[in-house]
Amino acid sequence: MYHRDFSTMKESILDKNVNFSEWYNNIIRISKIIDDRYPIKGMPVYYPNGYFAIRKILNILENELEKYGFEPYWFPILIPYEIFKRESEHIKGFESEVFYVTPSKPVEEEKEIKYILRPTSETEMYYMFSLWIRSYRDLPLLTYMTNTVYRYETKATKPLVRGREILWNEAHTAHKDLDDAEKMIKKSMEIYSKVFWDHLSIPHIWIRRPDWDKFAGADYTFAADTILPDGKFLQIGTTHLLGRNFSKAFNIIFEDEHPFIKIDKNKFEAFNENNYRYEIEIIEDKIKIRLYDNNKELIKSYEEKIEFDEDISEDNKNLINKINNIIKNKFNEDKLVNKKFVWQTSFGISMRTLSAVISIHGDNKGLILPFEISHIQIIIIPIYYSEDERSKILKYCEDVYNLLKEKYRVKIDKDDTKSPGWKFNQYELMGVPFRISIGKRELEKNTVTISVRQYDSKSKNYEIKLENLLNELDRLIIEYDKELKERAKKYFENKILKIDNLKDLENNLDKNIAFKVPFCMKEECAKNIKEKYSLDVRGTDIIPEDAKNKKCIFCNTDAKYYVYVGKSY
RNA sequence: GGGACCGUAGUCCAGCCUGGAAGGAUGUCGGUUUGGGGUACCGGUGGUCCCGGGUUCAAGUCCCGGCGGUCCCA
């Protein structure tokens with residue numbers, strides 16, 4: 001059942017709507033995406049049809065990042081264990097699933113761990129960031145790395161979805177203040193949505209993860225979730241505001257123009273030479289300043305009225321001067337320190353994206369790939385009945401191939417041992433968008449027959465004169481991707497049901513959909529939901545939707561926000 | 001983290017309960033035929049029965065451990 005060859009296609013059970021999980025497991029093998037016979041759990045081998053698509057997706061992303069000013073870096077695959085341990089929350093989140101590396105054949109007595117395989121690259125990169133960053137002029141630092149990371153998954157693995165080796169692109173940035181870092185978070189979501197929707201037609205929503213589910217070491221995490229045909233959420237991209245958690249652990253410090261640091265919407269802080277902390281809060285027309293010592297004890301507090309100014313930022317010279325003067329005059333402070341920890345973000349997209357493409361666009365005949373990422377975009381299939389015809393038709397195929405090869409990834413299948421019908425089915429299975437059949441008919445009329453991959457039905461055929469081929473292709477490709485996108489949009493329309501009571505949820509549990517419901521935002525309640533319904537609380541909208549006049553549909557206490565709940569991968 | 005099921009030819013499987021000669025289909029190779037939606041036939045080829053240990057005169061089959069896979073629950 002697990003490793004079907006093309007030959008057994010007729011017998012195989014491949015109904016996406018009846019048993020999605022089985023359909024997925026079969027399709028990724030028979031459509032030449034992966035070969036998971038490699039004898040390590042969670043580490044399959046990727047065939048060209050799969051690896052090419054993964055690389056292409058990551059290339060699209062790299063281009064988008066570079067347009068915004070990101071630059072590629074390469075860091076080693078090994079991280080010294082000592083460095084990995086530095087950020088306490090981070091290590092808590094990852095230590096149980098890292099691969100530990102011993103530098104040579106381990107001797108029984110020497111069990112000391114020296115290195116780990118990177119499970120994600122924050123720690124190794126930020127070790128270097130602390131050496132590179134000196135001045136505000138070094139910021140923002142915008143880096144990305146397309147690489148592999150390793151996580152020791154012990155339980156169920158699923159090709160492309162959960163494995164021990166992950167191909168992905170991770171971006172890491174450092175900024176002078178919170179505003180700048182949050183702008184980056186916004187931009188990262190824009191870039192990712194462009195990749196998911198504009199290029200790959202994957203419908204998705206951005207969700208603010210609840211605190212108990214955020215990235216280890218982050219202040220908050222936003223995730224792009226899509227929903228697969230079985231109604232389960234699949235996370236396909238994440239972006240994290242790391243705040244100053246890592247810069248404090250790794251000592252990533254820069255010297256700024258001025259000493260004030262924006263730490264919240266209307267809060268600043270600053271430090272004096274003794275490392276005493278000033279907290280400056282601006283509320284409507286008041287400015288409040290508090291001074292804390294090293295033990296976080298309040299030493300002095302002061303407030304006064306100011307003219308309200310909309311622009312609360314370090315760039316507002318008026319405001320900064322005002323604060324400076326108060327501190328100088330009322331707190332007798334000569335010098336505030338300009339050295340600050342950087343604000344950081346990190347975000348990533350992995351090959352999981354391909355599993356979403358396969359799951360959402362594919363049908364019972366096989367894969368359907370967006371034109372841009374298909375390894376073979378156009379397959380030419382010669383059809384002939386005699387030796388004499390064969391050479392003429394192959395020559396004609398070569399002519400068509402030469403016409404297309406500059407612009408498209410095109411291939412002629414000259415294999416005589418397979419019938420044309422067999423080939424039609426094989427390339428549809430592999431998700432090749434366009435087929436060009438060339439036989440006697442086309443040869444005589446100087447045309448080609450283009451067949452376009454259709455969802456769950458036979459290809460649509462167009463007979464086109466050779467001189468119109470390039471123009472017609474342009475048009476058909478746009479139409480192909482447009483249909484793909486419209487189908488995906490329609491697919492997603494009824495995937496999330498917004499409801500206010502538990503009965504409606506219970507009645508729809510078997511409908512392969514997700515839900516949006518009023519929720520109390522308590523972790524304990526989320527745990528109960530998981531236990532009782534196997535549903536995860538995925539989080540709120542990025543700007544949470546208010547549910548203050550509602551009751552949490554699970555525990556019936558006052559609700560705070562609407563959250564997304566559903567089964568998940 | 002807990003549980004269920006599974007691993008036999010390149011692939012998909014039967015055989016295991018009840019121990020006694022390694023099977024089928026498909027692929028692959030040679031040939032004939034066929035070719036516009038998975039041609040048909042003839043002949044050949046293909047096995048560390050996942051690995052290690054145990055029980056037994058005898059293990060694919062029973063027992064234990066590991067590796068790998070699928071699913072369910074947390």
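Everything numeric in this text was worked out from a predicted model, so none of it was measured. All chains are named by letter (A, B, ...) in the order of the sequence lines, taking the proteins before the strands, and each is independently numbered beginning at 1.
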Colleague: Rounded to whole angstrom units, what separation is found between the CG atom of A/Asn26 and the C1' atom of B/G69?
Modeller: 13 Å
Colleague: Which whole number of Å gives the distance between the C1' atom of B/G60 and that of B/C42?
Modeller: 33 Å
Colleague: Going through the checks in order, is the side-chain contact (heavy atoms from CB on, under 4.5 Å) test met by A/Ile27 and A/Ile33?
Modeller: CA-CA 8 Å; A/Ile27 210 91; A/Ile33 296 290; over 6 Å; no
Colleague: B/C67 and B/G20: how far apart are their P atoms, nearest whole angstrom?
Modeller: 30 Å
Colleague: Using whole Å, what does the distance between atom C1' of nucleotide B/G35 and atom CD1 of A/Ile438 come to?
Modeller: 16 Å
Colleague: Take atom CG of A/Asn425 and atom C1' of B/U39, then tell me their distance rounded to the nearest Å.
Modeller: 14 Å
Colleague: Once the angle between the rings of A/Phe222 and A/Tyr220 is folded into 0 to 90°, is it parallel (under 30°), tilted (30 to 60°) or perpendicular (over 60°)?
Modeller: parallel
Colleague: Could you check whether A/Arg453 makes a cation-pi contact with A/Tyr480, meaning its NZ or CZ is under 6.0 Å from the centre of the six-membered ring and within 45° of the ring axis?
Modeller: no
Colleague: Relative to A/Tyr569, does A/Lys232 satisfy both conditions: NZ or CZ under 6.0 angstrom from the six-membered ring centre, and within 45 degrees of the ring's axis?
Modeller: yes
Colleague: At 4.0 Å (heavy atoms only), tell me whether A/Glu463 reaches a base, stays on the sugar-phosphate, or touches nothing.
Modeller: nothing
Colleague: Taking the same atom, P, in B/A25 and in B/G44, what whole-Å distance lies between them?
Modeller: 13 Å
Colleague: Would you mind reading off the distance between A/Asp413 atom CG and B/G38 atom P, rounded to a whole angstrom?
Modeller: 16 Å
Colleague: Would you check if the distance from the ring center of A/Tyr46 to the ring center of A/Phe52 is below 6.0 Å?
Modeller: no
Colleague: Just the rounded figure in Å: distance from P of B/G1 to CD of A/Glu97.
Modeller: 11 Å
Colleague: Under 4.0 Å between a side-chain nitrogen and a carboxylate oxygen: does that hold for A/Lys414 and A/Glu398?
Modeller: yes
Colleague: Assess A/Arg435 against A/Tyr427: is NZ or CZ under 6.0 Å from the centre of the six-membered ring, and within 45 degrees of the ring's axis?
Modeller: no
Colleague: Show each protein N/O and nucleotides 29-33 of chain B N/O combination with a separation under 3.5 Å, one pair to a line.
Modeller:
none

Colleague: Measuring only the C1' atom in each nucleotide, how far is B/G68 from B/C50? A whole number of Å is fine.
Modeller: 8 Å
Colleague: Restricting to salt bridge (Lys or Arg N to Asp or Glu O under 4.0 Å), what partner residues turn up for A/Glu523, sequence neighbours left out?
Modeller: none
Colleague: Taking atom C1' in both B/C49 and B/C16, compute the distance separating them and give it to the nearest angstrom.
Modeller: 11 Å
Colleague: Side chain of A/Ile383 only, heavy atoms from C-beta on: which candidate in B/G36, B/G38, B/G1 is closest?
Modeller: B/G36
Colleague: Nucleotides 41-47 of chain B: which of its N/O atoms have a protein N/O under 3.5 Å away?
Modeller:
none

Colleague: Are A/Arg151 and A/Trp168 in a cation-pi setup, meaning NZ or CZ lies under 6.0 angstrom from the ring centre and within 45 degrees of the ring axis?
Modeller: yes
Colleague: Looking at the side chain of A/Arg29, which of B/G69, B/G35, B/G1 is the nearest nucleotide?
Modeller: B/G69
Colleague: At under 4.0 Å, does any side-chain N or O of A/Thr449 touch on OP1 or OP2 of B/G36?
Modeller: no
Colleague: Strictly under 3.5 Å: I want the nitrogen or oxygen pairs between protein and nucleotides 71-74 of chain B, one per line.
Modeller:
residue, atom, partner, partner atom, Å
B/C71, OP1, A/Ser21, OG, 2.4
B/C71, OP1, A/Asn25, ND2, 3.3
B/C71, OP1, A/Lys158, NZ, 3.1
B/A74, OP1, A/Glu531, O, 2.2
B/A74, OP2, A/Ser534, OG, 2.6

Colleague: Taking the C1' atom of each, how far is B/G43 from B/U55, in whole Å?
Modeller: 45 Å
Colleague: Give the rounded distance in Å between these two atoms: CG of A/Asp416 and P of B/U39.
Modeller: 14 Å
Colleague: Can you list everything that forms a salt bridge (Lys or Arg N to Asp or Glu O under 4.0 Å) with A/Lys460? Sequence neighbours excluded, please.
Modeller: A/Glu483
Colleague: Enumerate the residue pairs fulfilling ring pair (Phe, Tyr, Trp, His ring centres under 6.0 Å) with a member in residues 400-420 of chain A, sequence neighbours excluded, ordered by first and then second residue.
Modeller: A/Phe371-A/Tyr408
Colleague: Pick the P atom in B/G46 and in B/G23, then give their distance to the nearest Å.
Modeller: 14 Å
Colleague: Under 3.5 Å, which donor-acceptor pairs link side chains of residues 89-97 of chain A to any protein atom two or more places apart or in another chain?
Modeller:
residue, atom, partner, partner atom, Å
A/Glu89, OE2, A/Lys92, NZ, 3.1
A/His90, ND1, A/Ala216, O, 3.1

Colleague: Only counting residues at least two apart or in another chain, list the ones meeting salt bridge (Lys or Arg N to Asp or Glu O under 4.0 Å) with A/Lys527.
Modeller: none
Colleague: Name the nucleic acid region contacted by A/Arg390, choosing base, sugar-phosphate or nothing; use a 4.0 angstrom heavy-atom cut-off, strictly under.
Modeller: nothing
Colleague: Rounded to whole Å, how long is the line connecting atom CG of A/Asp230 with atom C1' of B/U70?
Modeller: 15 Å
Colleague: With Watson-Crick and G-U wobble geometry limited to distances under 3.5 Å, how should the secondary structure of RNA chain B be encoded in dot-bracket form, using | for bases paired to another strand and [ ] for crossing pairs?
Modeller: (((((((..((((......[..))))((((((.......))))))....(((((..]....)))))))))))).
Colleague: Charged N to carboxylate O below 4.0 Å: is that the case for A/Asp481 and A/Lys485?
Modeller: no
Colleague: For this output row, return yes or no: ring centroids of A/Phe515 and A/Tyr564 closer than 6.0 angstrom.
Modeller: no
Colleague: If you check every side-chain atom of A/Tyr385, which of B/G36, B/U70, B/G37 has the closest atom?
Modeller: B/G36
Colleague: Suppose the criterion is salt bridge (charged side-chain N to carboxylate O under 4.0 Å, His left out): which pairs have a residue in residues 379-388 of chain A, not counting sequence neighbours?
Modeller: A/Asp388-A/Lys392
Colleague: Report the residues that fulfil salt bridge (Lys or Arg N to Asp or Glu O under 4.0 Å) with A/Asp230, sequence neighbours left out, ordered by chain and then residue number.
Modeller: none
Colleague: Look at the side chain of A/Glu428 against the base of B/G37 and say whether a donor-acceptor pair falls under 3.5 Å; ignore hydrogens and angles.
Modeller: yes
Colleague: Specify the residue among A/Lys423 and A/Tyr384 whose closest nucleotide of RNA chain B lies further upstream toward the 5′ end.
Modeller: A/Tyr384
Colleague: I'd like to know if A/Glu389 reaches the base of B/G35 with its side chain such that a donor and an acceptor end up less than 3.5 angstrom apart.
Modeller: no
Colleague: Ignoring hydrogens and angles, does a donor from either the side chain of A/Arg435 or the base of B/G37 sit under 3.5 Å from an acceptor on the other?
Modeller: yes
Colleague: Select one nucleotide: of B/U28, B/G35, B/G10, the one nearest the side-chain heavy atoms of A/Lys418.
Modeller: B/U28
Colleague: Whole angstrom is fine here: how far is it from CD in A/Gln426 over to C1' in B/G27?
Modeller: 13 Å
Colleague: So which protein N/O to nucleotides 65-68 of chain B N/O distances come out below 3.5 Å?
Modeller:
residue, atom, partner, partner atom, Å
B/G68, OP1, A/Lys41, N, 3.3

Colleague: Without swapping roles, check the side chain of A/Lys423 against the backbone of A/Asp415 for a donor-acceptor pair under 3.5 Å.
Modeller: yes
Colleague: Looking at B/G36, I'd like to know if its phosphate oxygens (OP1 or OP2) sit under 4.0 Å from a side-chain N or O belonging to A/Ser437.
Modeller: no
Colleague: Taking atom P in both B/G52 and B/U33, compute the distance separating them and give it to the nearest angstrom.
Modeller: 49 Å
Colleague: Out of the candidates A/Asn364, A/Asn17, A/Asp15, only one should pair with A/Trp23 under the side-chain contact (heavy atoms from CB on, under 4.5 Å) rule; please name it.
Modeller: A/Asn364
